[in-house]
Amino acid sequence: MGSERSPDFASLTLAVRAELERGRERNVALQLVCNLMTREVPYYNWFGYYFAVPAERLLVLGPFEGEPTDHIRIPYGTGICGRSAVSESTFLVPDVAAQENYLACSVHVRSEIVVPVFANGAFVGQIDIDSHRVNAFSDADRTFLKGIAPDLAPFFPRI
Ligand code: SME
């Protein structure tokens, strides 16, 4: 992030919650949060969700903001998202070029964070963010995203 000011994650958390409380249809609400994030955080260049299909051990792309991706369906175990789905844990990847099991969304992406989303203890999907900067994500992003994941969870479908 260089000398740039850190995002105000406390205010952003409140803005996300306000957005989700407007009673919009699920995917619309999720999409509006994508738009908010990419607008407010300069290094969130792609922000989206993958929904879990546990019976098929598959992730399916949900709403997103950023460049279109070829990775509409990702099997558990494949790429950063698929590995995060298996371990149900956060993956923070400072430099995607150093990853062997990685699915490139665009040539511009340099770092990525994937945060699992749980509803009533069950894994229902994940938040996925790509940055065009190397090493863009810190523990502050991880804490922020883990904080809003439970707010987003009710908007994820149970497939
Ligand atoms: N990079 C991810 C795939 C998702 S796209 O970046 C949107 C991965 O390796 O799983």
Side-chain angles (χ1 to χ4, degrees), residues 1-2 4-54 58-74 79-85 87-94 96 103 105-106 108-133 135-159:
M1 285 191 277
E4 213 170 272
R5 203 165 51 85
S6 294
D8 181 351
F9 284 133
S11 298
L12 207 45
T13 298
L14 297 178
V16 167
R17 289 180 181 153
E19 198 67 76
L20 294 174
E21 279 166 13
R22 290 187 214 279
R24 294 195 176 93
E25 189 273 325
R26 269 200 318 234
N27 277 346
V28 174
L30 290 175
Q31 181 70 57
L32 288 168
V33 172
C34 296
N35 301 352
L36 175 72
M37 294 294 195
T38 53
R39 195 169 63 234
E40 296 296 327
V41 186
Y43 56 92
Y44 286 6
N45 299 114
W46 192 99
F47 187 106
Y49 315 93
Y50 281 94
F51 299 144
V53 188
L58 193 67
L59 295 164
V60 178
L61 181 64
F64 67 93
E65 176 69 26
E67 287 187 59
T69 176
D70 289 339
H71 306 297
I72 313 289
R73 295 159 69 87
I74 301 177
I80 296 166
C81 293
R83 282 185 285 157
S84 170
S87 64
E88 298 186 357
S89 63
T90 296
F91 266 54
L92 198 165
V93 180
V96 297
L103 303 171
C105 174
S106 105
H108 304 295
V109 176
R110 307 297 300 278
S111 57
E112 178 161 358
I113 188 168
V114 180
V115 175
V117 176
F118 300 96
N120 302 319
F123 172 69
V124 293
Q126 52 199 202
I127 304 166
D128 180 23
I129 312 176
D130 289 336
S131 180
H132 296 171
R133 300 184 194 170
N135 203 12
F137 303 104
S138 69
D139 275 342
D141 297 274
R142 185 200 297 261
T143 303
F144 162 59
L145 296 165
K146 286 177 88 162
I148 60 166
D151 297 291
L152 293 164
F155 295 82
F156 277 51
R158 307 290 177 275
I159 303 175

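For reference, positions follow the sequence shown, starting with 1.
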With ring pair (Phe, Tyr, Trp, His ring centres under 6.0 Å) as the test, pick out the partner of Phe156 among Tyr50, Phe118, Phe51.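 One option only clears the test, and that one is Phe51.
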Let me know which of Tyr44, Trp46, Phe47 forms a ring pair (Phe, Tyr, Trp, His ring centres under 6.0 Å) with Phe64.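 Single pass found, and it is Trp46.
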Check whether any side-chain heavy atom of Ser111 lies under 4.5 Å from a side-chain heavy atom of Phe137, and answer yes or no.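 A side-chain contact under 4.5 Å exists here.
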Check: Leu12 and Leu36 side chains under 4.5 Å, non-hydrogen atoms: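 Leu36 vs Leu12: side chains touch.
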Between [X] and [Y], which heavy-atom pair has the shortest distance, and what is it?
X: Gln126; Y: Val117; result: CA-CG2, 3.9 Å
X: Met37; Y: Ile148; result: CE-CD1, 3.3 Å
X: Pro150; Y: Pro154; result: O-CD, 3.3 Å
X: Glu88; Y: Pro116; result: O-CG, 3.6 Å
X: Leu59; Y: Ala85; result: CD1-CB, 4.0 Å
X: Cys34; Y: Glu65; result: CB-CB, 3.7 Å

Distance, nearest 0.5 Å, that separates [atom1] of [X] from [atom2] of [Y]:
X: Cys81; Y: Glu112; atom1: SG; atom2: CD; result: 5.0 Å
X: Ser106; Y: Asp70; atom1: OG; atom2: CG; result: 11.0 Å
X: Thr38; Y: Ile129; atom1: OG1; atom2: CD1; result: 10.0 Å
X: Asp128; Y: Thr69; atom1: CG; atom2: OG1; result: 8.5 Å
X: Leu32; Y: Arg39; atom1: CG; atom2: CZ; result: 8.5 Å

Evaluate whether atom CZ of Arg26 has more than 12 neighbouring non-hydrogen atoms of other residues, nucleotides or ligands under 6.0 angstrom away.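 Atom CZ in Arg26 is packed in, count exceeds 12.
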Other residues, nucleotides, ligands: >12 heavy atoms within 6.0 Å of Arg110 CZ: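 Not more than 12 within 6.0 Å, no.
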Could you go through the side-chain contact (heavy atoms from CB on, under 4.5 Å) check for Leu152 and Tyr49 one step at a time? CA-CA 10 Å; Leu152 293 164; Tyr49 315 93; 4.0 Å; yes
Tell me, with the steps shown, if Leu61 and His71 meet side-chain contact (heavy atoms from CB on, under 4.5 Å). CA-CA 7 Å; Leu61 181 64; His71 306 297; over 6 Å; no
How far apart are the C-alpha atoms of Asp8 and Glu40, what are their side-chain angles, what is the distance that settles it, and do they pass the side-chain contact (heavy atoms from CB on, under 4.5 Å) test? CA-CA 9 Å; Asp8 181 351; Glu40 296 296 327; over 6 Å; no
Examine distances only and state if a side-chain atom of Ser84 and a backbone atom of Ile80 form a donor-acceptor pair shorter than 3.5 Å.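 No, because the side chain of Ser84 does not come within donor-acceptor range (under 3.5 Å) of the backbone of Ile80.
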Main-chain N/O of Arg133 paired with Tyr43 side-chain donor or acceptor, under 3.5 Å: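 No; judged by distance alone, with no hydrogens or angles, the pair does not exist.
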Could you tell me if Asn35 and Gln31 have a donor-acceptor pair between their side chains, going purely by distance under 3.5 Å?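 Asn35 and Gln31 do have a side-chain donor-acceptor pair below 3.5 Å.
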Hey, mind stepping through Glu67 and Asn45 against side-chain contact (heavy atoms from CB on, under 4.5 Å) and telling me if it holds? CA-CA 9 Å; Glu67 287 187 59; Asn45 299 114; over 6 Å; no
Please determine which of Val115, Leu92, Thr90, Val114 meets the side-chain contact (heavy atoms from CB on, under 4.5 Å) test together with Leu145.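 Single side-chain contact (heavy atoms from CB on, under 4.5 Å) partner of Leu145 among Val115, Leu92, Thr90, Val114: Val115.
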